[in-house]
Amino acid sequence: MIKIFADSTCDLNDDQIKDNDITIIPLFIVLGEESYKDRYEITPNEIYKWSDANKTTPKTACRSIADTMDEFKKALDNGDEIIAFTISSDMSGTNNTMNLAASELEAEDRISIIDSRSLSTGIGLQILKACELAKQGKSRSEIVNELADITPRVRASFVVDTLTYLHRGGRCSSTAALFGNALSLKPKIIVKNGKMEATTKYRGKIDKVIEKYAKNLEENLLKADSSRVFITHSGNCEEAVNNVEAYLKGLNYFKEIVITRAGGVISSHCGPGTLGVLFIADSKDAEY
């Protein structure tokens, strides 16, 4: 049997995790001297409150190699093979930790570590594809080969209501020049080649910006993998979520429209009012 693992930045919802028997390895969110397991011990709203009070972005940390080995060993002892997904290796050391854990267990022949080159449900899209392929009886190597085609086609983008969180965290260097120049600026952030960069620059109220951002994706959406599209948000944008969902339904294209709330790691770096539409494009050369 193939067992799927993922770090907590994948932002899949509880039903998806349960239905596919996915094991989540949570990253840590560090607030001052205290650390908390992402998804399980702290909420994004608690993170926002702390971040605003301290005028800084929390630090995040991956699990230890020993902890990761313990998680892997349970599946290995059960006779399973493992496919484990991580946030882009350019954004975190989680991928390296998982590879080291597999090496320490001398189980590289039974464990495949997938560098998603993405974040949030950009990872989730790849995970769910792997789960579907596993249920079809595909082998681990067959699934890994198919993922090699899927990974570069994932389109993860989002718009932020405030640049403050990204600026504090320094995770998106291209926002530095924008910050302070126009606090009303709401850029589109894309994940390209495993890194975040700012592209289209929107202005105005976040609800209208999100609506415009979603509609600007239409050409690529209508050529995308039609099985699934994600709307992932970081809170404080309920009306925008509903509007984007209605827009996507109106396209009459996707079999499944999934709404998820971003977890602590993603939320701590992007801040409230962030929303993204994530999908698998028809080709690796498709626009972002």
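Just so you know, these numbers come straight off a predicted model, no measurement behind them.
- Looking at residues two or more places apart in sequence or on another chain, you find a side chain to side chain contact (heavy atoms under 4.5 Å, CB included) between D149 and R153.
- In terms of heavy atoms, Y48 sits closest to S234 at OH-O, 2.7 Å.
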Criterion side-chain contact (heavy atoms from CB on, under 4.5 Å) on H269 and T60, from CA distance to verdict: CA-CA 10 Å; H269 290 295; T60 54; 3.8 Å; yes
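- No donor-acceptor distance shorter than 3.5 angstrom exists from the side chain of K129 to the backbone of L147, with no hydrogens or angles considered.
- Looking only at distances, a side-chain donor or acceptor of T199 sits under 3.5 Å from a matching main-chain atom of K188.
- Side-chain contact between R261 and H233 is present, with at least one heavy-atom pair separated by less than 4.5 Å.
- Proximity of a side-chain donor or acceptor of N54 to a complementary backbone N or O of T56 within less than 3.5 Å is not detected.
- Residue L128 comes nearest to F230 through the heavy atom pair CD1-CZ, 3.9 Å, listed as atom of the first residue, atom of the second, then distance.
- Under 3.5 Å, the side chains of N45 and T43 contain no donor-acceptor pair of N or O atoms.
- Panel note: side chain S51, backbone I47; no donor-acceptor pair is recorded below 3.5 Å.
- Side chain of T151 to main chain of A148: no donor-acceptor pair is present (N/O by atom type, distance under 3.5 Å, no hydrogens or angles).
- Between E132 and R228, at least one side-chain N (NZ, or NE/NH1/NH2) sits under 4.0 Å from a carboxylate O, which counts as a salt bridge.
- Under the 4.5 Å side-chain criterion, counting only non-hydrogen atoms from C-beta, P26 is in contact with R63.
- C62 has its side chain out of reach of D7: every pair of non-hydrogen atoms, C-beta onward, lies at least 4.5 Å apart.
- Between E197 and I190, the closest side-chain pair of non-hydrogen atoms falls below 4.5 Å.
- With hydrogens and angles left out, the side-chain atoms of S89 and N95 include no donor and acceptor closer than 3.5 Å.
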From CA spacing to verdict: side-chain contact (heavy atoms from CB on, under 4.5 Å), T9, L119: CA-CA 7 Å; T9 65; L119 50 67; 5.7 Å; no
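- Between the side chain of D11 and the main chain of T121, no donor-acceptor pair closer than 3.5 Å is present.
- Between V159 and Y202, the closest side-chain pair of non-hydrogen atoms falls below 4.5 Å.
- With sequence neighbours excluded, the residues satisfying side chain to side chain contact (heavy atoms under 4.5 Å, CB included) with K195 are D90.
- Two residues are said to be in side-chain contact when any heavy atoms from C-beta on lie closer than 4.5 Å; R39 and I17 meet this criterion.
- I259 and L248 fall within the same hydrophobic cluster, where Ile, Leu, Val, Met, Phe, Trp and Tyr residues are linked whenever their side-chain heavy atoms come under 4.5 Å apart, directly or through other members.
- With 3.5 Å as the limit, one finds no donor-acceptor pair spanning the side chains of D285 and S283.
- Side-chain heavy-atom separations under 4.5 angstrom define the hydrophobic clusters, and the remaining members of the one that includes I25 are F5, I65, M69, F72, L76, I82, M98, L100, L105, I111, I113.
- Looking only at atom types and distance, the side chain of S157 has a donor-acceptor partner in the side chain of Y213 under 3.5 Å away.
- Remark: S118 OG to M196 CE distance equals 10.5 Å, nearest 0.5 Å.
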Residue pair V277, L221: steps toward the side-chain contact (heavy atoms from CB on, under 4.5 Å) verdict: CA-CA 10 Å; V277 177; L221 287 169; 4.2 Å; yes
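- Between the side chains of T260 and T232, at least one donor N or O sits under 3.5 Å from an acceptor N or O.
- At least one side-chain heavy atom of Y165 sits under 4.5 Å from a side-chain heavy atom of D52.
- In this structure a side-chain-to-backbone donor-acceptor pair under 3.5 Å is missing from S116 to I123.
- At least one side-chain heavy atom of L275 sits under 4.5 Å from a side-chain heavy atom of V241.
- For the atom pair CG (L133) and CD (E142), the distance works out to 9.0 Å, reported to the nearest 0.5 Å.
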side-chain contact (heavy atoms from CB on, under 4.5 Å) between I24 and Y40, intermediate numbers included: CA-CA 10 Å; I24 299 295; Y40 301 107; 3.5 Å; yes
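- A side-chain donor-acceptor contact under 3.5 Å links D80 and N78.
- The backbone N or O of D21 lies less than 3.5 Å from a partner atom in the side chain of K3, making a donor-acceptor pair.
- Atom CD of E211 sits about 11.0 Å away from atom CG of N216, to the nearest 0.5 Å.
- With values rounded to the nearest 0.5 angstrom, M91 atom CE is found 7.5 Å from I266 atom CD1.
- How far CG of D161 is from CD1 of I210: 7.5 Å, rounded to the nearest 0.5 Å.
- Side chain of S8 to main chain of L27: a donor-acceptor pair is present (N/O by atom type, distance under 3.5 Å, no hydrogens or angles).
- With hydrogens and angles ignored, the 3.5 Å screen pairs no side-chain donor or acceptor of R110 with any backbone N or O of E81.
- Using a 3.5 Å distance cut-off with no hydrogens or angles, the side chains of S112 and R140 do pair a donor with an acceptor.
- We find the NZ-CG distance between K49 and L31 to be 12.0 Å, quoted to the nearest 0.5 Å.
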